[in-house]
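Worksheet: the structure to be examined is printed underneath.
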Amino acid sequence: MQRTLIKAALNRTTGMDRILVKGWVRTRRDSKGFSFLEINDGSCLKNIQVIVDETAPAFSLLKDVGTGAALEVAGTLVESPGAGQKWEIKASELRLLGMADPETFPLQKKRHTDEFLRTIAHLRPRTNKYGALFRIRSEAAFAVHHFFRDRGFFHLHTPILTGSDCEGAGEMFRVSTLPLCPPAPPQGESPFAEDFFGKEASLTVSGQLEAELFACALGNVYTFGPTFRAENSNTPRHAAEFWMIEPEMAFADIVDDMDLGEELVKAMTRHVMENCREDLELFARFVDKGLLGSLDTIMTEAYVRLSYAEAVDILRSSGRPFEFPVHFGADLQTEHERFLCEEHFKKPVIVYDYPREIKAFYMRLNDDDKTVAAMDLLVPRVGELIGGSQREERYAVLERRIVEAGMRLDNYWWYLDARRYGSVPHAGFGLGFERFLMMLTGVTNIRDVIPFPRTPKHLEF
RNA sequence: UCCCCGAUAGCUCAAUCGGCAGAGCGGGUGGCUGUUAACCACUAGGUUGCAGGUUCAAGUCCUGCUCGGGGAGCCA
């Protein structure tokens, strides 16, 4: 007999004479003469209730069936006489697939702290909250592909291994096959000459530069993959390995870029709202009471757009005694970003046209010669969700900016070359997938929205 | 990396001025004829994060370390 997913069983409009489900026991309640089991198979948030009568042949197996055990249940799907569920399974046969020692199984029926569950990340997806979270994560990833495919974007697989020794987005992890203490190279030879690639190699910190080249060929592309930053960041918003969505559009400027970012966040949010309602409601109930309201704002209201100069004016005239004083030329601090989107506007805010000195070399220089066409999308509680820009497409300007940034031109020959042959205005951004999930669920620590988080000094599982 | 806070039973926490190590949940055993975080009774369970120090006496005070949380910086 074929296995029925619990999600499908619970959605039925009629009973079933024969049903087979497989899953993990969430709880067992005994009474005289019969026993109730609640089984979850991960297909949905809800468990299915199984009743085992002492007259059933399976009853003797129950002594070994505790919370956490894996079970196969055959029986009939019938309407439940009890309150709380429409359907239940009257079990005729049970098969114990995998025992779980109740003395040591760490998950209880009651609520656990996120900190404790992080120490048992191999088991936490078996809880309601983390099961819901990772179903949502899966659906949100699908929403990304759905959104871009609808708009004629091509999914591009950019390399994870890179030889660009400074992509400009942070410290990189070095990748090597050399022994830990290699013999010293001959005078004048690179220490990486004997390494796998014959040069220094790293894990990518961004697919942007490569995506730009493909945008200037296929038109609109996006990448969606893992990204690695070796920064010693110890915050609830940073991970050493995270997933990033990086669209890149040819024939597009900074306004097109902001439009795309706003549409993407709205569409992803709407998709999950429509397809993961039950899982999302768990977060609205137990994690953030105001979640559905703030998601509604994110989906329906126009995001505030203001220039960096305007943002500085608002901050200066706010009368707020910020720890870091605000003045043109200084980067916005977290307290400033939070003030803007959490207190002043109470909705997502896009800040654009930042001073050139505080932004990356590849961002397009504006006509004022003081600012670049950069934009950050800030959302309440999470902060920077998107960082992007129109790219510098003018060869001479880009060359000058690379030199000014103190970088070597020959490392970027191919990036510059793209500006010599049919260069066009183009723009793109990076959206942190985990940060999006934090916004979506109200979860406040990035380590709880990624299956096995990698952070400084943490490489367990 | 810097600043602040914390670590007591498997989990979540309490322990007054430095004076007997406690509860709920979870586990075990028994009971209960439809339970819903079931209920009732009994029961086991501790190197108080680690290493030093002060004291007649340290979970409690001091120093160092480890781990966790929050804030800051870096950014997505």
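Per chain, numbering begins at 1; letters A, B, ... match sequence-line order.
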Exercise. Could you tell me which nucleotide pairs with B:U16 by Watson-Crick or G-U wobble geometry, both distances under 3.5 Å, or answer none if nothing does?
Key: none
Quiz item: In the structure shown, which nucleotide is the Watson-Crick or G-U wobble counterpart of B:C42, with both distances under 3.5 Å?
Solution: B:G28
Quiz item: Do the side chain of A:Lys63 and the base of B:G28 come within less than 3.5 angstrom through a donor-acceptor pair of N or O atoms?
Solution: no
Quiz item: Could one point to a donor on the side chain of A:Gln108 or the base of B:U12 with an acceptor on the other under 3.5 Å away?
Solution: no
Quiz item: Rounding to the closest angstrom, what is the interatomic distance between B:G31 and B:U47 at atom C1'?
Solution: 38 Å
Quiz item: Just how far, in rounded Å, is P of B:C74 from NE2 of A:His238?
Solution: 9 Å
Exercise. Please state the C1' separation for the pair B:G18 and B:C61 - nearest whole angstrom.
Key: 8 Å
Quiz item: Can we say A:Arg320 and A:Glu335 salt-bridge, meaning some charged N sits less than 4.0 Å from an Asp/Glu carboxylate O?
Solution: no
Practice problem: Describe the nucleic acid contact of A:Ser80 in one word from base, sugar-phosphate, nothing, applying a heavy-atom distance below 4.0 Å. | Solution: base
Quiz item: Which whole number of Å gives the distance between the C1' atom of B:A51 and that of B:A41?
Solution: 45 Å
Self-check item: Rounded P spacing from B:A9 to B:C50 in Å
Solution: 11 Å
Practice problem: Please confirm whether any donor atom in the side chain of A:Arg29 sits under 3.5 Å from an acceptor in the base of B:C32, or the reverse. | Solution: no
Quiz prompt | Row check, A:Phe147 ring normal vs A:Arg151 NZ/CZ: under 6.0 Å, within 45° | solution = yes
Quiz item: Between A:Tyr222 and A:His155, is the ring centre distance below 6.0 Å?
Solution: yes
Exercise. Using the P atom on both, measure B:A76 against B:C4 and round to a whole Å.
Key: 30 Å
Quiz item: Could you state the CD-C1' distance from A:Glu231 to B:A72, rounded to the nearest angstrom?
Solution: 15 Å
Quiz item: Are A:Glu434 and A:Arg137 close enough for a salt bridge, meaning some N to O gap below 4.0 Å?
Solution: yes
Exercise. Select one nucleotide: of B:A76, B:G28, B:G34, the one nearest the side-chain heavy atoms of A:Met244.
Key: B:A76
Practice problem: Could you tell me which nucleotide pairs with B:A51 by Watson-Crick or G-U wobble geometry, both distances under 3.5 Å, or answer none if nothing does? | Solution: B:U63
Quiz prompt | d(CZ, A:Phe429; C1', B:C75) in whole Å | solution = 16 Å
Quiz item: Expressed in angstrom and rounded to an integer, what is the separation of A:Asn47 atom CG from B:A37 atom C1'?
Solution: 12 Å
Practice problem: Could you check how far CG of A:Asp101 sits from C1' of B:G26, rounded to whole Å? | Solution: 13 Å
Practice problem: Return the minimal non-hydrogen interatomic distance between A:Cys276 and A:Ile136, and the atom names on each side. | Solution: CB-CG1, 3.9 Å
Exercise. Write down the distance separating the P atoms in B:G45 and B:A58, rounded off to the nearest Å.
Key: 24 Å
Quiz prompt | Integer-rounded Å distance: B:A76 C1' and A:Glu246 CD | solution = 9 Å
Check: residues 48-60 of chain A side-chain donor-acceptor pairs under 3.5 Å, at least two apart:
{"from": "A:Gln49", "atom 1": "OE1", "to": "A:Arg29", "atom 2": "NH2", "distance (Å)": "3.3"}
{"from": "A:Gln49", "atom 1": "NE2", "to": "A:Glu88", "atom 2": "OE1", "distance (Å)": "3.0"}
{"from": "A:Asp53", "atom 1": "OD2", "to": "A:Thr55", "atom 2": "N", "distance (Å)": "3.0"}
{"from": "A:Asp53", "atom 1": "OD2", "to": "A:Thr55", "atom 2": "OG1", "distance (Å)": "2.7"}

Practice problem: Step through the shown structure and confirm whether more than 12 heavy atoms of other residues, nucleotides or ligands are within 6.0 Å of CG on A:Asp17. | Solution: no
Exercise. Answer with base, sugar-phosphate or nothing: what part of the nucleic acid does A:Gly33 contact at a heavy-atom distance below 4.0 Å?
Key: nothing
Quiz prompt | Contact state string [nucleotides 64-71 of chain B, B base, S sugar-phosphate only, - no protein heavy atom under 4.0 Å] | solution = ----SSSS
Self-check item: 5'-most by nearest nucleotide on RNA chain B - A:Leu107 or A:Thr27
Solution: A:Leu107
Self-check item: Ionic contact status for A:Arg118 with A:Asp448, cut-off 4.0 Å
Solution: yes
Self-check item: Base paired to B:C74 (Watson-Crick or G-U; both N/O distances under 3.5 angstrom)
Solution: none
Quiz item: Got a sec, which residues hit side-chain hydrogen bond (donor to acceptor under 3.5 Å, both in side chains) with A:Ser389, two or more places apart in sequence or on another chain?
Solution: A:Arg391
Self-check item: Nearest-nucleotide comparison on RNA chain B, the residue closer to the 5′ end among A:Asp30 and A:Asp376
Solution: A:Asp30
Quiz item: For A:Gln85, which contact category applies under a 4.0 Å heavy-atom criterion: base, sugar-phosphate, or nothing?
Solution: base
Exercise. Kindly point out which of B:C75, B:U33, B:G28 is positioned nearest to the side chain of A:Lys32?
Key: B:U33
Quiz prompt | Syn or anti conformation of B:C17, syn meaning chi within 90° of 0 | solution = syn
Quiz prompt | Parallel, tilted or perpendicular: rings of A:Phe322 and A:His336 (30°, 60°) | solution = perpendicular
Quiz item: Is the distance from OP1 or OP2 of B:A72 to the nearest side-chain N or O of A:Gln333 less than 4.0 Å?
Solution: no
Practice problem: Find the distance A:Ile89:CD1 to B:U35:C1' and express it as a whole number of Å. | Solution: 16 Å
Quiz prompt | A:Phe36-B:G34 aromatic stacking (under 5.5 Å, under 30°) | solution = no
Quiz item: Are any of A:Ser233's side-chain N or O atoms less than 4.0 Å away from OP1 or OP2 of B:C74?
Solution: no
Quiz item: Between A:Lys109 and B:A37, does any side-chain N or O lie under 4.0 Å from OP1 or OP2?
Solution: no
Exercise. Could you tell me the separation between the NZ atom of A:Lys110 and the C1' atom of B:G26, rounded to a whole number of Å?
Key: 7 Å
